[in-house]
Amino acid sequence: MYRESDLVCVAKRLNNKKRGYLVVNRLQGKHIPVRPAQALELFESLADVLQGEYGRDSLLLVGFAETATAIGAAVAAALGCRYMQTTREKLDDVDWLYFSESHSHATQQKLVREDVEKAAEECTRIVFVEDEVTTGNTIGKIVQILKERYPGKFQYSVASVLNGMKEADLKSFCDLGISVHYLVKTDHEGFEKIAAGYPEDGKVVDCVGAAGMAREPWELVPGRVDARRLVDSTRMRQQCERLGKAVLERYPVKAGERILVLGTEEFMYPPLCIAAWMERKGADVSFHATTRSPIAVSADESYPFQCRYELCSFYDGERATYLYDLDKYDQVYVVTDAWQEEEAGTDSLAYALSQSGNFAVHWIRWENE
């Protein structure tokens, strides 16, 4: 059984007047490197909470970008149900359902409307999967939108690793008919003060503008499943397993070697599966991902982040992304589903990795068949 102290550390958001702190999950594999087996065990524990809860319902799980995409995908795979994630990325030739996440650094969230409508023909309950629910405002907003657009089509639930909702928030969910599931209850009282107490004296490495970095060419692996669209989670898991096997055939790992597998922004579950395969082969593997979240760094050793690398996005060369606290490794695997070459993103990440050591870096892009 997990406790708050097992999972939660508090960080300081940069330039965010709406909420000055960020609840960071040590085992989630987003901002902090994690052993793949630990992350997957956590996600499967959340799936266990839902297992058998809605026996007569046909479920659609919706994972929230960007921090809960791996959680949502893993829970859906464990349950064998339909899955899609919210996104902040651009997709061609689709219509959107928009909603906002008011406290976030990037407020706009969206779902592909035609996929929600397709799900309405097959599914009776939507379960929103989050890493942490603080007030429930974001989920409440999207439920209201869906109820207005698809009256009587769905029932609604939320499942999260952490839940910090107060009694009034829980009552409002009850009034809306939203069932609530979680692993650990959190108390946010004092988090704002804790975050404010840390000095912002950590190391910041500006990697934007790096150009022409020497690196291996991309290894292109077909079979991509894009969870920004409605997917069958069983097929998604099977394709991720094939991706992992293809990578290990190309790059055999040695027992005991230190490996980092790095995902990119919303793209987390497939690289986590690769990392898990490598770990099962006996390698010493860590996993995390680049992020849009701008977080303060501090030299204080009790603070979760000491170094911030400022990057360009793989998906939009004009957008800032970040990476935190690189270590020393024997091999690094950068795994992305970015659909076009963004040299600014690749060069900035290559520069960040070069500042941390002389390890080999392998670049893997999961592509359509």
Side-chain angles (χ1 to χ4, degrees), residues 2-16 18-39 41-43 64 66-71 103-106 130-134 160-164 183-207 258 260-265 268 272 275 284-311 320-329 332 349 352-353 355-356:
Y2 295 97
R3 300 168 298 178
E4 181 177 331
S5 58
D6 298 326
L7 303 178
V8 172
C9 49
V10 179
K12 181 189 292 187
R13 295 176 185 265
L14 279 179
N15 306 319
N16 192 318
K18 295 177 181 177
R19 188 181 296 169
Y21 67 89
L22 180 70
V23 176
V24 180
N25 187 330
R26 294 185 181 92
L27 300 185
Q28 184 179 331
K30 183 58 186 179
H31 308 100
I32 296 176
V34 67
R35 303 297 183 199
Q38 287 183 305
E41 183 179 6
L42 176 68
F43 304 163
F64 273 80
E66 64 176 15
T67 53
T69 57
I71 302 172
H103 63 276
S104 177
H105 52 278
E130 269 280 30
D131 54 329
E132 196 266 345
V133 178
T134 305
S160 61
V161 175
L162 305 173
N163 184 290
L183 287 179
V184 175
K185 197 78 176 73
T186 56
D187 181 0
H188 288 223
E189 191 71 30
F191 282 3
E192 195 84 40
K193 184 177 180 180
I194 291 170
Y198 286 107
E200 296 181 26
D201 58 353
K203 183 180 180 181
V204 177
V205 182
D206 183 1
C207 307
R258 296 197 70 198
L260 172 65
V261 179
L262 193 65
T264 55
E265 300 179 50
M268 292 181 61
L272 175 58
D284 180 7
V285 185
S286 296
F287 168 78
H288 62 139
T290 62
T291 175
R292 290 194 187 196
S293 300
I295 307 170
V297 290
S298 176
D300 190 318
E301 292 185 359
S302 67
Y303 185 76
F305 306 108
Q306 279 72 52
C307 181
R308 180 176 72 247
Y309 298 87
E310 300 188 340
L311 313 169
T321 54
Y322 307 91
L323 183 63
Y324 298 91
D325 290 346
L326 288 167
D327 204 343
K328 303 289 185 181
Y329 300 97
V332 174
L349 181 54
L353 294 168
Q355 299 306 295
S356 299

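Every value quoted in this text rests on a predicted model; they were computed, and no experiment measured them.
Between the side chains of T291 and E66, at least one donor N or O sits under 3.5 Å from an acceptor N or O. S356 and Y329 form no side-chain donor-acceptor contact under 3.5 Å, judged by distance and modelled atom types alone.
A distance-only check finds no donor-acceptor pair linking the side chain of S293 to the backbone of I295 [under 3.5 Å]. Proximity of a side-chain donor or acceptor of Q306 to a complementary backbone N or O of D300 within less than 3.5 Å is detected.
Within the 4.5 Å cutoff, no side-chain heavy atoms of V10 are placed close to those of V24.
When the salt bridge (Lys or Arg N to Asp or Glu O under 4.0 Å) test is applied to E310, the partners found at least two apart in sequence or on another chain are R308. Residues passing the side-chain hydrogen bond (donor to acceptor under 3.5 Å, both in side chains) test with N163, sequence neighbours excluded: K185.
Taking the six-membered ring for Trp and the full ring otherwise, the centers of H31 and Y322 sit at least 6.0 Å from each other.
Using cut-offs of 30° and 60° for the angle between ring planes, the Y303 and F305 rings count as perpendicular.
Exactly one residue among E132, E4, R3 makes a side chain to side chain contact (heavy atoms under 4.5 Å, CB included) with V184. That residue is E4.
Of all heavy-atom pairs between G164 and T186, the closest is CA-OG1, 3.2 Å.
A salt bridge is absent between E192 and R19; no separation between the charged side-chain nitrogens and carboxylate oxygens falls under 4.0 Å.
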Exercise for the section: For Y324 and H288, run ring-ring contact (aromatic ring centres under 6.0 Å, His included): C-alpha distance rounded to whole Å, both residues' side-chain angles, the deciding distance at 0.1 Å, then the answer. Expected result: CA-CA 9 Å; Y324 298 91; H288 62 139; 8.7 Å; no
